[in-house]
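Within every chain, numbering begins at 1; the chains are lettered A, B, ... in the order of the sequence lines, protein sequences first and strands thereafter.
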Amino acid sequence: MTPELEQVLGCSVHEAAPALIGWTLLFDGVGGVIVETEAYAQDDPASHAFPGPTSRNGTMFGPAGRLYVYRSYGIHWCANVVCGPEGFGSGVLLRALEPTHGLEEMRRRRGAVDERLLCSGPGRLTQALGITGEHDGLSLEDPPLALLAPAGPVEVETGTRIGITKAGEMPWRYLLSGSPFVSRPLPRA
DNA sequence: TGCCCGATTAACT
DNA sequence: GTTAATCGGGCAA
């Protein structure tokens with residue numbers, strides 16, 4: 001792993017989740033800038049890793065820098081970046097991208113939709129990039145995946161997580177400040 | 001072996 | 001604002 005990536009993913013998930021905002025995620029040359037993430041720690045009741053390793057979440061207990069993909073509601077795929085020490089079982093849920101690469105490809109996969117709806121949600125993001133359960137366990141550093149560092153400083157905002165029923169009050173959702181590409185805006189301050 | 005439920009989305013009223 | 005679609009994991013029996 002590059003030192004740059006190691007610095008972001010090697011630490012606690014609560015540092016890794018905000019640190020990933022502003023990075024560019026590509027799958028087969030298609031993707032964009034990460035504008036929304038959520039942290040899922042191993043001792044978090046809302047995390048898949050909470051009950052311990054299973055056939056589904058095994059990737060979360062592997063080395064950092066890999067992709068954990070699972071099926072949600074029997075319909076959608078959701079993608080996470082595994083982080084922290086190996087065997088720790090924590091990950092960062094990728095919730096939204098600002099599309100920058102392969103816009104045509106994304107529109108083809110998602111149908112003709114507004115640009116800001118292409119990747120504004122965990123299920124939409126995977127559909128637009130073509131990520132499925134087959135890609136569970138792939139390294140973010142090797143093709144077809146790529147993770148590129150932000151060019152400059154990134155301003156990050158914090159909120160509560162979405163769509164979960166346990167520990168929903170924990171402020172472990174992170175957004176690129178002011179981005180119109182997030183899945184849901186922050187509640188009015 | 002069966003039942004319930006979810007880190008969601010899109011299409012309704 | 002509400003609800004159906006849809007399937008694998010986790011837990012009870």
Side-chain angles (χ1 to χ4, degrees), chain A residues 9 12-21 25 27 32 34-62 64 66-84 88-99 106-138 140 156-176 179-188:
Chain A
L9 298 181
S12 147
V13 65
H14 297 307
E15 299 172 66
L20 277 172
I21 300 288
L25 172 72
F27 181 78
I34 298 172
V35 296
E36 184 177 351
T37 63
E38 284 178 3
Y40 287 89
Q42 92 293 346
D43 58 351
D44 174 357
S47 171
H48 289 175
F50 184 65
T54 68
S55 55
R56 171 171 65 157
N57 66 21
T59 299
M60 286 191 85
F61 291 89
R66 301 221 298 223
L67 197 65
Y68 165 51
V69 185
Y70 70 94
R71 199 188 275 287
S72 171
Y73 289 85
I75 304 172
H76 310 286
W77 295 106
C78 295
N80 300 246
V81 176
V82 178
C83 66
F88 199 62
S90 58
V92 177
L93 173 66
L94 303 174
R95 289 194 56 89
L97 302 182
E98 173 181 343
M106 293 194 234
R107 285 206 186 86
R108 190 177 62 72
R109 292 193 181 114
R110 298 250 318 119
V113 290
D114 188 283
E115 180 177 326
R116 48 172 62 182
L117 295 180
L118 281 178
C119 300
S120 61
R124 292 165 173 167
L125 185 157
T126 53
Q127 186 187 6
L129 270 60
I131 295 174
T132 72
E134 303 171 39
H135 309 114
D136 179 53
L138 292 183
L140 272 298
V156 177
E157 288 182 303
T158 303
T160 55
R161 295 181 294 182
I162 293 177
I164 57 176
T165 58
K166 301 165 187 169
E169 74 287 355
M170 303 311 292
W172 291 336
R173 178 181 179 226
Y174 303 97
L175 308 90
L176 179 62
S179 173
F181 296 95
V182 299
S183 63
R184 278 183 58 185
L186 226 38
R188 243 167 34 80

Euclidean distance for [atom1], [N] against [M] (whole angstrom):
| N | M | atom1 | value |
| --- | --- | --- | --- |
| C/dG1 | B/dA7 | C1' | 22 Å |
| B/dT13 | C/dA5 | P | 14 Å |
| B/dC12 | C/dT6 | P | 15 Å |

Starting from [atom2] on [N], measure out to [atom1] on [X] and report it in whole angstrom.
| X | N | atom1 | atom2 | answer |
| --- | --- | --- | --- | --- |
| A/Arg184 | B/dA10 | CZ | P | 15 Å |
| A/Arg124 | B/dT8 | CZ | P | 11 Å |
| A/Tyr73 | B/dT9 | OH | P | 10 Å |
| A/Ile75 | C/dC7 | CD1 | P | 8 Å |
| A/His76 | C/dA4 | NE2 | C1' | 11 Å |
| A/Arg110 | B/dA11 | CZ | P | 10 Å |
| A/Leu117 | B/dT9 | CG | P | 11 Å |
| A/Leu93 | B/dG6 | CG | C1' | 13 Å |

Donor-acceptor contact below 3.5 Å, side chain A/Thr160 vs main chain A/Glu169 |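 Side chain of A/Thr160 to backbone of A/Glu169: no pair is present.
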Kindly express the pairing pattern of DNA chain B in dot-bracket notation, using | wherever a base pairs with another strand and counting only Watson-Crick or G-U pairs under 3.5 Å.
-> ||||||.|||||.
Regarding A/Ser183 and A/Glu36, is there a side-chain donor-to-acceptor distance under 3.5 Å anywhere?
->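 Indeed, the side chains of A/Ser183 and A/Glu36 share at least one donor-acceptor pair under 3.5 Å.
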Presence of salt bridge, A/Asp44 and A/Arg161, under 4.0 angstrom =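 Salt bridge between A/Arg161 and A/Asp44, a charged N being under 4.0 Å from a carboxylate O: yes.
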Under a 4.0 Å N-O cut-off, is there an ion pair linking A/Arg95 with A/Glu38?
->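 Yes, charged N to carboxylate O under 4.0 Å.
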Nearest-neighbour nucleotide for the A/Arg71 side chain, B/dT9, C/dC7, B/dA7 considered = C/dC7
Just wondering, more than 12 heavy atoms not from A/Arg110 lying within 6.0 Å of its CZ?
-> yes
Compare the aromatic ring of A/Tyr40 with the six-membered base ring of B/dA7 and state whether they stack according to the 5.5 Å and 30° rule.
-> yes
Could you check A/Gly121 against A/Gly74 and say which one's nearest nucleotide on DNA chain B is further toward the 5' end?
-> A/Gly74
For A/Pro18, which of A/Val92, A/Leu175, A/Val156 qualifies under side chain to side chain contact (heavy atoms under 4.5 Å, CB included)?
->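 With A/Pro18 as partner, side chain to side chain contact (heavy atoms under 4.5 Å, CB included) holds for just one option, A/Val156.
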Have a look at A/Arg161 and say if it touches a base, only the backbone sugar-phosphate, or nothing, with a 4.0 Å heavy-atom cut-off.
-> nothing
For A/Leu67 and A/Thr59, which heavy atoms make the closest approach, and how far apart are they?
->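 Shortest heavy-atom separation between A/Leu67 and A/Thr59 comes out as O-CG2, 3.4 Å.
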Are OP1 or OP2 of B/dG6 and a side-chain N or O of A/Thr165 less than 4.0 angstrom apart?
-> yes
